[in-house]
**Student:** 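Just dropping this structure here.
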Amino acid sequence: MKLGIDPAAIHALAAWFRDHGRPYHFRRHPTPYSVWILEVMSQQTQIARAEERHRRWLERFPDIRTLAAAGEEEVLREWEGLGYYSRARNIHRAACQVMDAGGEMPTTRDGLLSLPGIGAYTAASIASIVHGEPVAAVDANVRRVLRRVFAAPDLADGRIETLLAGAFEHEPAGVINEALMELGEQLCRKTRPRCLECPLAEGCLACRSGRTELERQKPGSGRTRLSIAVACLRCRGRYLVEEAPQGELWAGLWRFPCRIIGQEEDPEAVVRQLGAERGLRLGSLQPLGGKYTGGHTRYSIHLLPYCGSARRALRAGGAGDWIDPREDGGRTFPTLFRRLLEALPVKDRKD
DNA sequence: GAGGCGTGGAC
DNA sequence: TGTCCAAGCCT
């Protein structure tokens, strides 16, 4: 029970972080803007992946002004592949909000909390790392580490914040916050923690009792299997794409006409139906080669794409656009559909 | 407060 | 060719 109080453990943690912290490029020149983007990118996303994209993002949108001046479409497109797209929409909204308020980001945790997409963790992280505010950034790593140290599987975030407040008198909050996160990633992992190398092992109740498996997993977190028939319909070398409506998977992103189908349904027939509903006459359809499977938040998805030529039998009334697969017009596609788009035949044949 | 939101890495 | 889950947030 000394972590929040024992200065020696705090110093050991900080020392471990100085020696073993990874040399991520984002740690080189932390600015309010770059830390903000990094923290949002890393929400529910492994840090190594966020780091790659963070670099690219800063080249595209080097500051808040540039970001706010861009359209949401551009911002979403830069985010493509990272998932949880509301994060990108919120980043853009927040940038506009900051510019409207004079162009300076809030510097305190409470101020940061007023921005969309910035919650308890992200606000504390930015405030502590950039501005030295002594507040705890409690993420899944910090939670796991502290719960183990105190052998308290139900230790609440509020309690964790209080415990860490004591630590911030001995080492900077930004250092402790990052150190705990990295400790959780490198040593205090969910399975097979490496206690022998851990700077907190001496005072860790879980380690001392040999009971490190404190995690309780939620039941019923399995994914539902979903098969989706996809219509890749070509007309004069262009393919029909549509924006997914609210309430459907990938809402607000672009995709081919598609429909979730049951086990016994014939995907080809569904594709014909999709075409007919849009006033299209279809030629022969061919299944597109390759496997298009992937995950969604709560689904395991299998795309069944059919490719074919189409003619507009009626006047086009659909909400979709016909696009050249090589020029998507800056539209954002879910990863699975992006892969489809890239696999499409581009040759300009009769249709 | 539970459920929804994407994707790829680690076993 | 499966399961679990990341530097969470919003409604």
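Since we're looking at a predicted model, the values are computed, not measured. Within every chain, numbering begins at 1; the chains are lettered A, B, ... in the order of the sequence lines, protein sequences first and strands thereafter.
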**Student:** Give A/Thr293 one of three labels, base, sugar-phosphate or nothing, depending on what nucleic acid heavy atoms sit under 4.0 Å from its own.
**Tutor:** nothing

**Student:** To the nearest Å, give me how far apart CD1 (A/Ile301) and P (C/dT1) are.
**Tutor:**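 One finds 18 Å between P of C/dT1 and CD1 of A/Ile301, rounded.
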
**Student:** Between B/dG6 atom P and A/Tyr292 atom OH, what is the distance in whole Å?
**Tutor:**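 Spelled out: OH on A/Tyr292 to P on B/dG6 is 22 Å.
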
**Student:** Return the 5'-most residue of the pair A/Pro116, A/Tyr24 with respect to DNA chain C, ranking by each residue's nearest nucleotide.
**Tutor:** A/Tyr24

**Student:** Report the residue from A/Arg93, A/Arg87, A/His92 that forms a side-chain hydrogen bond (donor to acceptor under 3.5 Å, both in side chains) with A/Asn90.
**Tutor:** A/Arg93

**Student:** Main chain of A/Glu202, side chain of A/Arg208: is a donor-acceptor contact present, judged purely on distance under 3.5 Å?
**Tutor:**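 Between the backbone of A/Glu202 and the side chain of A/Arg208 there is a qualifying donor-acceptor contact (under 3.5 Å).
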
**Student:** Does any part of the side chain of A/Leu340, heavy atoms only, come nearer than 4.5 Å to the side chain of A/Phe256, both counted from C-beta?
**Tutor:** yes

**Student:** State whether A/Ser42 places a side-chain N or O below 4.0 Å from either non-bridging phosphate oxygen (OP1 or OP2) of C/dG8.
**Tutor:** no

**Student:** What is the separation between atom CD on A/Glu80 and atom P on B/dG6, rounded to the nearest whole Å?
**Tutor:**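 Answer to the nearest Å: 13 Å.
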
**Student:** Classify the angle between the aromatic ring planes of A/His11 and A/His170 as parallel (below 30°), tilted (30 to 60°) or perpendicular (above 60°).
**Tutor:**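 Rings of A/His11 and A/His170: perpendicular, as their planes differ by over 60°.
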
**Student:** Considering only the C1' atoms, how many Å lie between C/dA7 and B/dA2, rounded to the nearest integer?
**Tutor:** 23 Å

**Student:** DNA chain C: A/Glu39 or A/Asn90, which has the more 5' nearest nucleotide?
**Tutor:** A/Glu39

**Student:** What does A/Arg225 touch in the nucleic acid at a heavy-atom separation under 4.0 angstrom: a base, only the sugar-phosphate, or nothing?
**Tutor:**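 Since only primed, P, OP1 and OP2 atoms lie under 4.0 Å of A/Arg225, the category is sugar-phosphate.
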
**Student:** Can you tell me if CD on A/Glu104 sees more than 12 non-hydrogen neighbours from other groups inside 6.0 Å?
**Tutor:**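 At most 12 heavy atoms, drawn from other residues, nucleotides or ligands, come within 6.0 Å of this atom.
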
**Student:** In whole angstroms, how far is the P atom of B/dG4 from the CG atom of A/Leu226?
**Tutor:** 13 Å

**Student:** Dump the intermediate steps for salt bridge (charged side-chain N to carboxylate O under 4.0 Å, His left out) on A/Glu197 and A/Arg194, then the final yes or no.
**Tutor:** CA-CA 6 Å; A/Glu197 303 165 54; A/Arg194 295 157 61 174; 3.0 Å; yes

**Student:** Between A/Ile91 (CD1) and C/dC10 (P), how many Å, whole number?
**Tutor:**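 After rounding, the gap between these two atoms is 12 Å.
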
**Student:** Tell me if the centroids of the rings in A/Phe337 and A/Trp250 come within less than 6.0 Å of each other.
**Tutor:**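 They qualify: ring centres under 6.0 Å apart.
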
**Student:** For C/dC9 versus B/dG8, give the span between their P atoms, rounded off to a whole number of Å.
**Tutor:**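 Looking at atom P only, C/dC9 and B/dG8 are 22 Å apart.
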
**Student:** If you check every side-chain atom of A/Arg87, which of B/dG6, C/dC9, C/dA7 has the closest atom?
**Tutor:**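 Nearest to the side chain of A/Arg87 among the choices is B/dG6.
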
**Student:** Just the rounded figure in Å: distance from P of C/dA6 to CG of A/Asp139.
**Tutor:** 9 Å

**Student:** Donor-acceptor pair, distance only, cut-off 3.5 Å: does the side chain of A/Arg238 make one with the backbone of A/Trp322?
**Tutor:** yes

**Student:** With a 4.0 Å cut-off on heavy atoms, is A/Phe337 in touch with a base, just the backbone sugar-phosphate, or nothing at all?
**Tutor:**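 Answer is nothing: A/Phe337 stays at 4.0 Å or more from every strand.
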
**Student:** Within the structure shown, what part of the strands sits under 4.0 Å from A/Ala120 by heavy-atom distance: base, sugar-phosphate, or nothing?
**Tutor:** sugar-phosphate

**Student:** With 3.5 Å as the limit, what N/O pairs link the protein to nucleotides 7-11 of chain B?
**Tutor:**
from, atom 1, to, atom 2, distance (Å)
B/dT7, OP1, A/Tyr85, OH, 3.0
B/dT7, OP1, A/Thr335, N, 2.8
B/dT7, OP1, A/Thr335, OG1, 3.3
B/dT7, OP2, A/Trp250, NE1, 3.1
B/dT7, O4, A/Arg223, NH2, 2.9
B/dG9, O4', A/Gln46, OE1, 3.0

**Student:** Rounded to whole angstrom units, what separation is found between the CD atom of A/Glu248 and the P atom of B/dG6?
**Tutor:** 13 Å

**Student:** Whole-Å distance between C/dA6 C1' and A/Lys190 NZ?
**Tutor:**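 Distance check: A/Lys190 NZ to C/dA6 C1' gives 10 Å.
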
**Student:** Using a cut-off of 4.0 Å on non-hydrogen atoms, how would the nucleic acid contact of A/Arg27 be classed: base, sugar-phosphate, or nothing?
**Tutor:** base

